[in-house]
Amino acid sequence: MSITAALADNPIAGVTASLSMITKGGLNAVVRSLALEYAKERIRFNAVAPGVVDTPLHAGAPEESLKSASPMSSISNVEDIASAVVYLTEARQITGEVLHVDGGAHVGKW
């Protein structure tokens with residue numbers, strides 16, 4: 001199980017995250033590749049890609065600004081991310097998946 005970022009699949013103009021997206025995008029690619037490589041052994045590889053999450057990292061940011069990074073105008077909390085991790089951990093038939101927990105931001109421009 002890996003944690004990546006929704007920005008790796010849908011960058012946002014003005015968000016300077018290119019360096020970290022090199023690693024997150026790489027994780028997304030390797031999850032899919034390893035899933036195929038180890039499928040016969042029934043070893044699963046998945047990732048969760050959060051969008052904006054309510055953590056101390058965003059303590060000083062205006063809430064409306066954070067909400068604008070999601071088409072659902074919402075901010076995930078830690079429990080949302082943990083639930084996605086648990087789901088993928090328990091879902092025996094899912095491998096090679098990057099599960100976006102970002103209020104739909106990965107879908108495209110809104």
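For clarity, every value in this text was computed on a predicted model and none was experimentally measured.
- Checking side-chain atoms of T89 against main-chain N and O of V85 turns up a donor-acceptor pair under 3.5 Å.
- Interatomic distance, N77 CG to D54 CG, rounded to the nearest 0.5 Å: 7.0 Å.
- Between the CG atom of L7 and the OG atom of S18 there is a distance of 10.0 Å, given to the nearest 0.5 Å.
- A continuous path of hydrophobic side-chain contacts links Y87 to M1 [ILVMFWY only; heavy atoms under 4.5 Å].
- Closest non-hydrogen pair, M21 versus A5, comes out as CE-CB, 4.0 Å.
- Although no hydrogens or angles enter the test, the distance criterion places no donor-acceptor pair under 3.5 Å between the side chain of R44 and the main chain of Y38.
- The closest side-chain heavy-atom distance from V48 to I81 is below 4.5 Å.
- When every heavy atom of L88 is checked against every heavy atom of A47, the shortest pair comes out as CD1-O, 3.5 Å.
- The two residues G103 and P71 make their nearest non-hydrogen contact at O-CD, 3.2 Å.
- You'll find the side chain of V98 reaches within 4.5 Å of the side chain of H100, heavy atoms only.
- When side chains are defined from C-beta on, E63 counts as touching I75, because their heavy atoms get closer than 4.5 Å.
- Taking hydrophobic clusters as Ile, Leu, Val, Met, Phe, Trp and Tyr residues chained together by side-chain heavy-atom distances below 4.5 Å, I94 does not share a cluster with L36.
- The main-chain N or O of N46 is never found under 3.5 Å from a side-chain atom of R32 such that the two would form a donor-acceptor pair.
- Hydrophobic clustering, with ILVMFWY side chains joined whenever heavy atoms are under 4.5 angstrom apart, groups L27 together with L34.
- Here the side chain of T23 pairs a donor or acceptor atom with the backbone of S20 at under 3.5 angstrom.
- Shortest non-hydrogen contact noted between S76 and V101 is OG-O, 3.5 Å.
- Of all heavy-atom pairs spanning S65 and S68, the tightest one is O-OG, 2.6 Å.
- For the pair I3/P50, a side-chain contact is recorded, criterion being any heavy-atom separation below 4.5 Å from C-beta on.
- For CE of M72, the number of neighbouring non-hydrogen atoms (other residues, nucleotides, ligands) closer than 6.0 Å is 12 at most.
- Shortest non-hydrogen contact noted between T95 and F45 is OG1-N, 3.1 Å.
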